[in-house]
There are 2 protein chains.
Amino acid sequence: MTGMPRKALATEAEPSEMALESLVGYNLKRAYVILQNDYRAVMGEHGLSPRVFSALTFVVETPNLTQSDLARRLGIERSGLVAIVDELEGRGYLRRVAVPQDRRVQALSPTDAGVQAYEAALTLVHAHEDRMLQTLDAGERDQLLHLLKKIRETGE
Amino acid sequence: MTGMPRKALATEAEPSEMALESLVGYNLKRAYVILQNDYRAVMGEHGLSPRVFSALTFVVETPNLTQSDLARRLGIERSGLVAIVDELEGRGYLRRVAVPQDRRVQALSPTDAGVQAYEAALTLVHAHEDRMLQTLDAGERDQLLHLLKKIRETGE
DNA sequence: GCAGATCGTTTACTAGGTTAACAATTATCG
DNA sequence: CGATAATTGTTAACCTAGTAAACGATCTGC
């Protein structure tokens, strides 16, 4: 027998020498999971999920948005958006409004309750982000935002 | 007829004034989706998925890793790891090796084929990352990695 | 030697998408 | 004009990637 402790079957390698640790994709995913988990904790059991909050933001900030528009802006399929809009409509945060000029389309119009819910949620989201990014100073936060946008521009 | 194109029901707001665009979480998710899609395109139809590649990396780089160890390092549940290890074993990239000192445990040992597959995959991943991050110089890339790790440290 | 923890596993479930098809409607162009 | 193509919202079936709870087997600490 060696002098190795029984418990430690795996020799713990320095994180710095792990190939994964120098990959942006791996770190991006880990950071994304952390943020998402905290987001859900902050928004609570019956809070808006990330995608529903994003959709509500577009609806509130973009007058006369249609579902196809919204799906394109969110980067998802029209079919996938239906459940999201259903939820927002079910909560009374928006209405599907018939558009006489194009009867295929239903414009998405936020209700007063929707605008209120959006503003309340945004406050929570800001608090959540401030907490998750507390170890970053203002410059680092701007830089992070800038670098993520650069990746988005490359791929969208 | 007005001068407005009929198609544009939604007035396109400047992205800079959208509340979402200044949220790290939103940009992180969008960037994550872009990277993941390109990753899958690069690795091909029957290539290793991100999580399987991550698992294989740990198995190759960490001798005598157990499944519980691996799950902890990947930040997922033991139950979720089973399918990943099944796939790697099915591909012949690792073996579940009985450990006499603890018969609950099966150590994960990479095969020669597993090491080869890991190295081939890593080359593809590096090419993928270089392409996705082509608009970032070396300093920006390091900075991005550094900032993502800071978020990880806050939340892990 | 017994109570409690840990290991790998199965099962059932959830979130968040995708693709393919559909009827209704609108746009294009010979 | 009229035929053909494109677009819209929707449903249905499916996929990926995870979680939570329970299980028998095994190990650890007192």
Side-chain angles (χ1 to χ4, degrees), chain A residues 5-10 26 29-30 32-34 36-37 39-41 43 45-55 64-89 94-108, chain B residues 1 5-10 26 29-30 32-34 36-37 39-41 43 45-55 64-72 74-89 94-108:
Chain A
R6 292 276 308 286
K7 200 63 165 300
L9 266 181
Y26 181 73
K29 173 165 186 180
R30 296 295 294 251
Y32 162 65
V33 168
I34 287 167
Q36 189 176 247
N37 285 344
Y39 173 98
R40 287 178 195 286
M43 301 299 274
E45 185 81 26
H46 302 293
L48 297 176
S49 63
R51 64 192 198 149
V52 173
F53 171 72
S54 300
N64 296 318
L65 195 65
T66 69
Q67 285 187 213
S68 288
D69 280 338
L70 181 50
R72 270 187 293 269
R73 289 172 195 240
L74 290 173
I76 64 175
E77 294 298 315
R78 292 186 331 281
S79 58
L81 186 64
V82 174
I84 298 173
V85 173
D86 283 350
E87 177 176 339
L88 286 170
E89 193 178 39
L94 63 75
R95 274 185 291 266
R96 286 168 157 112
V97 179
V99 175
Q101 292 82 23
D102 187 341
R103 287 179 306 179
R104 292 170 302 183
V105 160
Q106 291 178 277
L108 302 175
Chain B
M1 291 294 289
R6 291 275 309 288
K7 200 66 163 296
L9 263 182
Y26 181 72
K29 171 165 188 183
R30 296 295 295 250
Y32 162 64
V33 168
I34 288 167
Q36 188 176 245
N37 285 344
Y39 173 98
R40 287 179 195 284
M43 301 299 274
E45 185 81 27
H46 301 293
L48 298 175
S49 63
R51 64 192 198 149
V52 174
F53 171 73
S54 300
N64 296 319
L65 194 65
T66 69
Q67 284 187 213
S68 288
D69 281 337
L70 181 50
R72 270 187 293 268
L74 290 173
I76 64 175
E77 294 298 314
R78 295 190 324 285
S79 59
L81 185 62
V82 174
I84 298 173
V85 173
D86 283 350
E87 177 176 339
L88 286 170
E89 193 178 39
L94 64 74
R95 274 185 291 265
R96 285 168 157 111
V97 179
V99 175
Q101 292 83 25
D102 187 342
R103 286 179 307 179
R104 291 171 304 182
V105 158
Q106 291 177 278
L108 302 175

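Here is how names work: the chains are called A, B, and so on, in the same order as the sequence lines, proteins then strands, and each is numbered from 1.
One atom, OH of B:Tyr32, and another, P of D:dT16, lie 14 Å apart when rounded to the nearest Å. One atom, CG of B:Asp102, and another, C1' of D:dA25, lie 11 Å apart when rounded to the nearest Å. The nearest whole Å value for the distance from the CG atom in B:Leu108 to the P atom in C:dC7 is 13 Å. Atom CD of B:Gln101 is separated from atom P of D:dT28 by 10 Å (rounded to the nearest Å). Between A:Arg73 atom CZ and D:dT8 atom P the separation is 13 Å, expressed in whole Å. Atom CD in B:Glu87 sits roughly 10 Å away from atom P in D:dT16 (whole-Å rounding).
For A:Arg103 and C:dA24, the shortest distance from a side-chain N or O to OP1 or OP2 is not below 4.0 Å. Between A:Arg72 and the phosphate of D:dT7, there is no side-chain N or O to OP1/OP2 separation shorter than 4.0 Å.
The CZ atom of B:Arg72 sits 10.0 Å away from atom CG of B:Leu70, with the distance rounded to the nearest 0.5 Å. Here the CG-CG distance, from B:Leu94 to B:Leu108, works out to 6.0 Å after rounding to the nearest 0.5 Å.
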A:Asp86 vs A:Arg96, test: side chain to side chain contact (heavy atoms under 4.5 Å, CB included). Steps then yes/no.
CA-CA 10 Å; A:Asp86 283 350; A:Arg96 286 168 157 112; 2.9 Å; yes

Sugar-phosphate means primed atoms, P, OP1 and OP2; the rest is base. With that split, encode nucleotides 8-17 of chain C 5' to 3' as B, S or - using protein heavy atoms under 4.0 Å.
BBB----SSS

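Contact between A:Gln67 and A:Leu81 at its shortest, heavy atoms only, is O-CD2, 3.1 Å. The two residues B:Tyr26 and A:Arg73 make their nearest non-hydrogen contact at OH-O, 3.9 Å.
Side-chain contact check for B:Ile76 versus B:Ile84: some heavy-atom pair is nearer than 4.5 Å. Between A:Arg51 and A:Leu74, every side-chain heavy-atom pair lies at or beyond the 4.5 Å cut-off. Counting heavy atoms from C-beta outward, B:Gln106 and B:Thr66 have side chains that stay 4.5 Å or more apart.
The rotation axes computed at either terminus of the helix from C:dG1-D:dC30 to C:dG30-D:dC1 lie 30° apart, taking five pairs at each end and rounding to 10 degrees.
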